[in-house]
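Values reported hereafter were calculated over all heavy atoms of this structure, with side chains retained and with hydrogens, waters and symmetry mates removed. Each chain gets a letter, A, B and so on, in the order the sequences are listed, and its residues count up from 1. Just so you know, these numbers come straight off a predicted model, no measurement behind them.
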Amino acid sequence: MNYLIHLLIYFDIYVIVALSLNLIVGYCGMLSLAHAAFYAVGGYAYALLALKLGCGFLPAIGIAAVICALLSLAVSLPAWRLKGDFFVLASLAVQALIFSLIYNWSDANAALGTWQNLTNGPFGIPGIPKAEIAGLRFARPTSFIWLATALAVACAFIVWRLKKSPWGRVLVSMREDELAARSLGKNTRLLKVQAIAIASGLVAFAGALYAAHVSYLDPSSASLDESILMLSMVIVGGVGNFRGPIIGALVLIALPELLRFAHLPDAIAANLRLGIYGLLLVLMMHFRPQGLAGEYRLS
Amino acid sequence: MTAIVEPKTKPQADRNETPAAAAPRTEVERPVVLAARGLRKAFGGQVVLDGVDLELREGEVILLRGDNGSGKTTLINILTGNLEPDAGTIHYLADGSPREFRFPRRWWQELNPFDHFTPESTAREGIGRMWQDVRLFNSQSLRDNIAVAEPRHLGENPIRAIFTAGRCRQQEAEIARKANEMLARLGLAGRETSSGDKISLGQSKRVAIARAVAAGARILFLDEPLAGLDHQGIQGVLSLLTYVAGENAITLVIVEHVFNQLHLRDLVTSDWFLSNGKITTEQLTARTTDENLKTASPEWLKALRGDDTEIVDEPLARGARLTRLRSSKQAHANQAVALELRDLIVNRGSRPVIGFDDNRNVSGLNFNLMQGEVALLQAPNGWGKTTLLRAIGGTLPIHRGTVILQGNDVTRSLAWQRYAAGLRVLQARDNRFQSLAVHEVTSLARTPKAAEHIADIANKRCASLSGGEHQLLALVTSGLLDPDARVVLLDEPLSAFDGTAIAKAVRLVRCAAHASILIVLPAFSEPRI
């Protein structure tokens, strides 16, 4: 039962990740490889605020979201001029930069959380406090699942409301024909900044949830592999609508769990998982570019 | 949202109203809505606009003419914020508060994010644009296509969309109601939830015009609004433009193909001719349009095969017509068949597009092209002209029937095999290699004789060619100059051609005396060919 609850917690976390990334990929039509970086920054921000300043869960994730939204300018400003492959490269550069900062911002002679040793480098941050709201501590998985689900539902509601709104409509117009949208007076630069900021803020919630659940965070959560996993969820599930990313998160969470029952040796299981993600992406792009439940084809 | 408000009944004339009070504003009384002075633009040393001065007045309808490469599109791109001129000033006066842009812009002006010269900033000054390829948002409904144009929509702020959804919903309901009314006036009642790609070309052009008006355009630039339309489509667009210019007092600037300029004669108030980087204006008269249309007259058709050409019309199903041009010698000789279609049926999905008749019976299309013959295929929009050429060319599967090329059945052959057998096809769209230079394209197409036809553009990059120059390059590399070509199919080869460019096209076709040529024309146009 605990195993199932853990699975559901991860599902909640990655639903937030996939829905937020869909705002960039599905609604703006921009492939971003930097999403894991903001996920990790959200987790690290929560960890440091909770550990060093004793912040409660809700204020901490709020601040983490604001930090990530501001940091997202590193991706959204290049998006003003860069399109297609060039935007992907720019997002990859941001991802590499943030990963590098997290990995290297450490000093063995300084305490964790100081300016000399903000992230503790490759050793990560252990002992991250469990989530606590109004005296209620979500220490056990059986209680944490409620928090994770509530946050996932809240994020899903925000994304759904945005999708249905005139803002969502103008995003889709921009995706389809940016010049035509601009000729109707729509400020597409501002739209990109808004979409990427909102997506980055939402994924910060997911990062904080993960940090609070596992109580440990290291730079691997900001790696390119994580970004590819996130992108795979969106592409496999389908872009441009609400259900696609949710289905993608379900498939990509379930897949490695199914491999457990194949009794593969631990040494190759992780690598095989990556290989399977890659193969899934190639197959989806070839046979079903709109994804399992998507609305439009990435081109 | 600015609505296209059409009165249900014409207002009764007031018997006490004096004629003077009812008189329309004169040219001088109409306020100036846009003024430009000294506009200059050069591309790589070639001057396209050389000190252009212009003024647009409220409610005017301008026909912007000029030869291919004269700078019409460059001028429109500048006035709509898509391109910065090298020098000059533009005053936008349509929206209550005047706004001026001076060029070249200083470096500190680029730092101000609220003072950029962009399509969206000119749109906020009342500038609207309709492109030749329409550019509706095809994944959205027609209602959403118009509703998205609404300026200053509360719901387009994401914070408001999340936290004040109720107020946004109220505004959205009002906008949706107005959009539905607008669509009803365009004859699209009941189609509000159809997507932009499910309506005809004429309907989509009317929706695009309505969308620009809904965005608050006071000056609308239209790039070939009548291109590709049949008679009914042309009348629909003209009716809307007449209403928009008359009742909404929106200024129109129209660039139109020489074949369709005649339709605009009653609407246009001024004729601007762009030549040598400058604009000359004149009031459009019947004489002017007749002169403009000299190259559009049937005379150029006879020039395709010489003075003794016989023109033979053959009706096809669903209002199409095949016009054969034969010299007297060809007409009386025993000609071999170069291309034959037998009982051809082509589907798109499960829907037959080619091969059914006026009663929707699927019977197959039959016609042939004789050796050395030139034929014109004219058909209404939606007939399937492009589908037919693609099926003959081998890039679309054939459901049933046979394609015989030079006596050989090529129905099951791949496109490259048909090419090897002597078939050449020029598409109407997607026939450009933007990143290549012109001489590289002619090299790719292996057309050794191309140089003499495109000497003045040989060293240009394709990305810098005007629409007409692109089309000329496409025609030159279409197979007309290829000695191995036996049958050449040209899909709308004369689009974007004006004036003398048509004469160049005729010369090219005459070079291909060794081949049989089928030319697809967009629609029935006046004068009828």
Side-chain angles (χ1 to χ4, degrees), chain A residues 20 23 26-29 69 73 76-77 80-81 154-199 201-202 239-241 290 294-299, chain B residues 77 80-82 95 113-114 116 118-131 133-141 143-165 168-169 171-172 175-176 196 208 211-212 214-217 220-221:
Chain A
S20 60
L23 280 177
Y27 289 102
C28 293
L73 287 170
S76 57
L77 292 183
W80 286 7
R81 288 192 180 272
C155 291
F157 175 73
I158 290 171
V159 170
W160 176 81
R161 187 159 252 188
L162 287 173
K163 170 187 149 42
K164 290 285 184 198
S165 71
W167 184 80
R169 179 173 58 203
V170 79
L171 268 197
V172 171
S173 303
M174 179 183 72
R175 179 194 76 198
E176 185 160 342
D177 193 330
E178 184 172 348
L179 185 54
R182 293 175 74 189
S183 296
L184 295 174
K186 306 303 173 187
N187 188 340
T188 55
R189 290 179 173 182
L190 182 61
L191 283 170
K192 288 173 185 172
V193 168
Q194 289 170 340
I196 295 173
I198 290 170
L202 288 174
V239 298
N241 64 11
Q290 70 270 36
E295 249 177 34
Y296 110 100
R297 295 175 173 217
L298 286 169
S299 61
Chain B
N77 282 340
T80 56
N82 287 279
D95 186 37
F114 301 106
H116 284 172
T118 56
E120 57 266 35
S121 64
T122 58
R124 287 193 284 270
E125 300 305 321
I127 303 297
R129 185 168 183 175
M130 198 199 92
W131 283 272
D133 55 352
V134 189
R135 301 177 88 150
L136 288 186
F137 304 120
N138 288 330
S139 63
Q140 299 192 317
S141 67
R143 182 196 296 132
D144 279 344
N145 263 275
I146 294 182
V148 78
E150 168 73 17
R152 294 176 290 279
H153 194 322
L154 288 178
E156 286 180 8
N157 180 323
I159 308 297
R160 284 186 185 271
I162 297 169
F163 295 109
T164 60
C168 295
R169 263 199 296 273
Q171 188 186 18
E172 177 65 14
I175 291 166
R211 183 179 67 180
L220 191 51
F221 292 87

Shortest non-hydrogen contact between B/L136 and A/E176, atoms and distance: O-OE2, 3.8 Å

Side chain, backbone, both or neither: which part of B/R169 has a non-hydrogen atom closer than 4.5 Å to chain A? side chain

CA sep, side-chain torsions, deciding dist, call: B/E120, A/R189, salt bridge (charged side-chain N to carboxylate O under 4.0 Å, His left out): CA-CA 10 Å; B/E120 57 266 35; A/R189 290 179 173 182; 5.2 Å; no

Highest number of heavy-atom pairs under 4.5 Å with chain B among A/G168, A/A195, A/A180 belongs to A/A180

Contact part of A/L190 toward chain B, heavy-atom cut-off under 4.5 Å: side chain, backbone, both or neither? neither

Can you name the residues that form a salt bridge (Lys or Arg N to Asp or Glu O under 4.0 Å) with A/D177, not counting sequence neighbours? B/R135

Counting N and O atoms only, with roles assigned by atom type, does the side chain of B/T122 sit under 3.5 Å from a partner on the main chain of B/I127, one being a donor and the other an acceptor? no

Among A/I198, A/L179, A/I158, A/V172, which residue has the highest count of heavy-atom pairs closer than 4.5 Å to chain B? A/L179

Residues at least two apart in sequence or cross-chain that pass salt bridge (Lys or Arg N to Asp or Glu O under 4.0 Å) with B/E172, listed by chain then number, are A/R169

When only pairs under 4.5 Å are counted, which of B/T80, B/N82, B/D144 shares the most heavy-atom pairs with chain A? B/D144

Heavy atoms only, distances under 4.5 angstrom: which of A/P166, A/G185, A/S183, A/S165 has the most pairs with chain B? Name it, please. A/P166

